[in-house]
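Reviewing the structure listed below.
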Number of protein chains: 2
Amino acid sequence: MRQIKHPTIEQVELIDILYALADPTRMEIVVRLAKAGRKLTCGELDLNRPKSSMSHHFKILRSAGLVETVVDGTEHMNALRLEEIEQKYPGVLESVLKATQP
Amino acid sequence: MRQIKHPTIEQVELIDILYALADPTRMEIVVRLAKAGRKLTCGELDLNRPKSSMSHHFKILRSAGLVETVVDGTEHMNALRLEEIEQKYPGVLESVLKATQP
DNA sequence: TCCAATGTTCGAATATAATCGAACATTGGA
DNA sequence: TCCAATGTTCGATTATATTCGAACATTGGA
């Protein structure tokens, strides 16, 4: 595939966001993307898991509307859809991210 | 059992809260408890499901620390632990509840 | 053109969760 | 004391999720 399909922000459902976040691996991905504040490749995230597992989790993050993935050559650049989600569900992602801080 | 065991607020984990909320039935319970703003019995919630199913969901809501259940005679009064959770994870529950409004 | 790099998809195994009927426990009242 | 009411627990079934190796697809560069 050239580029990956994502839901529009209108299609995003709160329950899917919560579901996507309710997994330690995916939460870790989201937290790292938020901390990075920029697009990261799966490789850069380096969560020490097989590629197929990471791909699975990214698929869920994408379908929930949390992550946007742009294909760039052989790499896939992933970014949090923070602003969009904040606009649709103010405070949800922000407070969750804040809650994960040490 | 006389009274039911609940986690202290210190024991409450964000991921468990998100997991508990990531189910339509449980989300509905939480929303109704929030709207009611008072303790409700399972019966009052009336989600049209078997008792054993409701009991199962309440167990998860309790163990996540979202709901507190006080035994009162033959009834079990359920309340959202809103203030405690707001204090520990500011904005999380509040923003989720706001996001569920029409 | 060939190939290494990056992820995705497939498939199968395993693990976890939801569902719900039936039996049980506890309580308060008749 | 008996019993109806309210939930819980148990057990079995079904449904969903996670995991990950292997095969595949796409790309850019040698």
Side-chain angles (χ1 to χ4, degrees), chain A residues 1-7 13 15-30 32-33 36 38-80, chain B residues 1-7 13 15-30 32-33 36 38-80:
Chain A
M1 92 276 326
R2 274 205 93 46
Q3 286 294 333
I4 292 175
K5 263 282 194 179
H6 297 84
E13 305 260 15
I15 204 119
D16 295 330
I17 289 182
L18 297 176
Y19 169 76
L21 292 173
D23 172 276
T25 303
R26 292 192 292 265
M27 177 63 93
E28 183 64 28
I29 292 172
V30 167
R32 294 207 189 185
L33 287 176
R38 63 180 179 87
K39 292 184 173 61
L40 295 180
T41 63
C42 299
E44 281 180 300
L45 284 156
D46 187 29
L47 292 192
N48 216 28
R49 281 191 185 63
K51 293 187 300 176
S52 52
S53 299
M54 293 301 282
S55 190
H56 165 73
H57 288 301
F58 269 106
K59 197 172 185 176
I60 289 167
L61 288 169
R62 263 181 238 122
S63 69
L66 270 169
V67 167
E68 183 177 32
T69 303
V70 180
V71 179
D72 174 24
T74 65
E75 294 184 328
H76 290 203
M77 305 305 299
N78 302 289
L80 250 196
Chain B
M1 90 279 323
R2 276 205 94 45
Q3 287 294 334
I4 292 176
K5 264 281 192 177
H6 297 83
E13 305 258 16
I15 204 122
D16 295 330
I17 290 183
L18 297 176
Y19 169 77
L21 292 172
D23 173 277
T25 303
R26 293 194 291 267
M27 178 64 93
E28 184 64 28
I29 292 172
V30 167
R32 293 207 190 186
L33 287 176
R38 63 181 180 87
K39 293 182 172 60
L40 295 178
T41 64
C42 298
E44 282 180 297
L45 283 158
D46 186 29
L47 291 191
N48 215 29
R49 281 190 185 60
K51 294 189 298 176
S52 51
S53 298
M54 292 300 282
S55 191
H56 164 74
H57 287 302
F58 269 106
K59 197 172 187 177
I60 289 167
L61 287 169
R62 265 182 236 120
S63 69
L66 270 168
V67 167
E68 183 176 31
T69 303
V70 179
V71 178
D72 174 24
T74 64
E75 294 184 329
H76 290 203
M77 305 304 299
N78 304 288
L80 250 197

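Owing to the predicted nature of the structure, the values given are computational and were not obtained by experimental measurement. Order of the sequence lines fixes the chain letters, A, B, ..., with proteins taken first and strands second; residue numbering starts at 1 for each chain.
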Can you tell me which stems DNA chain C forms, taking runs of 3 or more consecutive Watson-Crick or G-U pairs with both distances under 3.5 Å?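 So far as stems of 3 or more pairs are concerned, DNA chain C shows C:1-30 with D:1-30.
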Without swapping roles, check the side chain of [X] against the backbone of [Y] for a donor-acceptor pair under 3.5 Å.
X     : Y     : result
B:Q3  : B:V70 : no
B:E44 : B:T41 : yes
A:H6  : A:T69 : yes

For the atom pair [atom1] ([X]) and [atom2] ([Y]), what is the distance rounded to the nearest 0.5 Å?
X     : Y     : atom1 : atom2 : result
A:S52 : A:K59 : OG    : NZ    : 12.0 Å
A:I29 : A:L21 : CD1   : CG    : 11.0 Å
A:K39 : A:E68 : NZ    : CD    : 6.5 Å
A:L18 : B:L18 : CG    : CG    : 6.0 Å

Exercise. Determine the contact category for A:T25: base if any of its heavy atoms lies under 4.0 Å from a base atom, sugar-phosphate if only primed atoms, P, OP1 or OP2 are that close, otherwise nothing.
Key: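 No contact.
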* Asked: Does the C:dG21 base have a donor-acceptor partner in the side chain of B:S52 within less than 3.5 Å?
  ->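 Flag set: donor-acceptor pair detected.
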### Query
Hey, does the side-chain of B:S55 have a donor or acceptor N/O within less than 3.5 Å of a partner on the base of D:dG7?
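Per atom types, no contact qualifies.
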### Message
By nearest atom, which of the nucleotides D:dG7, D:dG21, C:dT8 is closest to the A:H76 side chain?
### Response
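Selected nucleotide: C:dT8.
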Task: Nearest to side-chain heavy atoms of A:S53, which nucleotide of C:dT26, C:dG7, D:dC20 - done: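 The answer is D:dC20, which lies nearest to the side chain.
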Using whole Å, what does the distance between atom [atom2] of nucleotide [N] and atom [atom1] of [X] come to?
X     : N      : atom1 : atom2 : result
B:R49 : C:dA17 : CZ    : C1'   : 15 Å
A:D72 : C:dA5  : CG    : C1'   : 13 Å
A:K51 : C:dA5  : NZ    : C1'   : 8 Å
A:M77 : C:dT8  : CE    : P     : 13 Å
A:I29 : D:dT18 : CD1   : C1'   : 13 Å
A:E75 : C:dA5  : CD    : C1'   : 9 Å
B:M27 : C:dA18 : CE    : P     : 14 Å
A:M54 : D:dA17 : CE    : P     : 19 Å

- Using a cut-off of less than 4.0 Å, is there contact between a side-chain N or O of B:R26 and OP1 or OP2 of C:dA18?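 Result: yes.
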### Query
Under 4.0 Å: is that the gap between some side-chain N or O of B:Y19 and OP1 or OP2 of C:dA18?
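The answer is yes; a side-chain N or O of B:Y19 sits under 4.0 Å from OP1 or OP2.
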**Prompt:** How close do A:P7 and A:S63 get, heavy atom to heavy atom, and via which atoms?
**Reply:**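 That would be CG-O, 3.7 Å.
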Least distance between heavy atoms, A:A20 atom then A:L61 atom: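 Looking at all heavy atoms of both residues, the shortest contact is CB-CD2, 4.1 Å.
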Write out all pairs satisfying side-chain hydrogen bond (donor to acceptor under 3.5 Å, both in side chains) with one or both partners inside residues 16-29 of chain A, taking only residues at least two apart or from two chains.
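Passing the test, one end in residues 16-29 of chain A: A:R26-A:H57, A:E28-A:R32.
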- Could you identify which residues of residues 56-64 of chain B place a heavy atom less than 4.0 Å from some atom of DNA chain D, listed by residue number, or say none?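 Residues of residues 56-64 of chain B that come under 4.0 Å of DNA chain D are, in numerical order, B:K59, B:R62.
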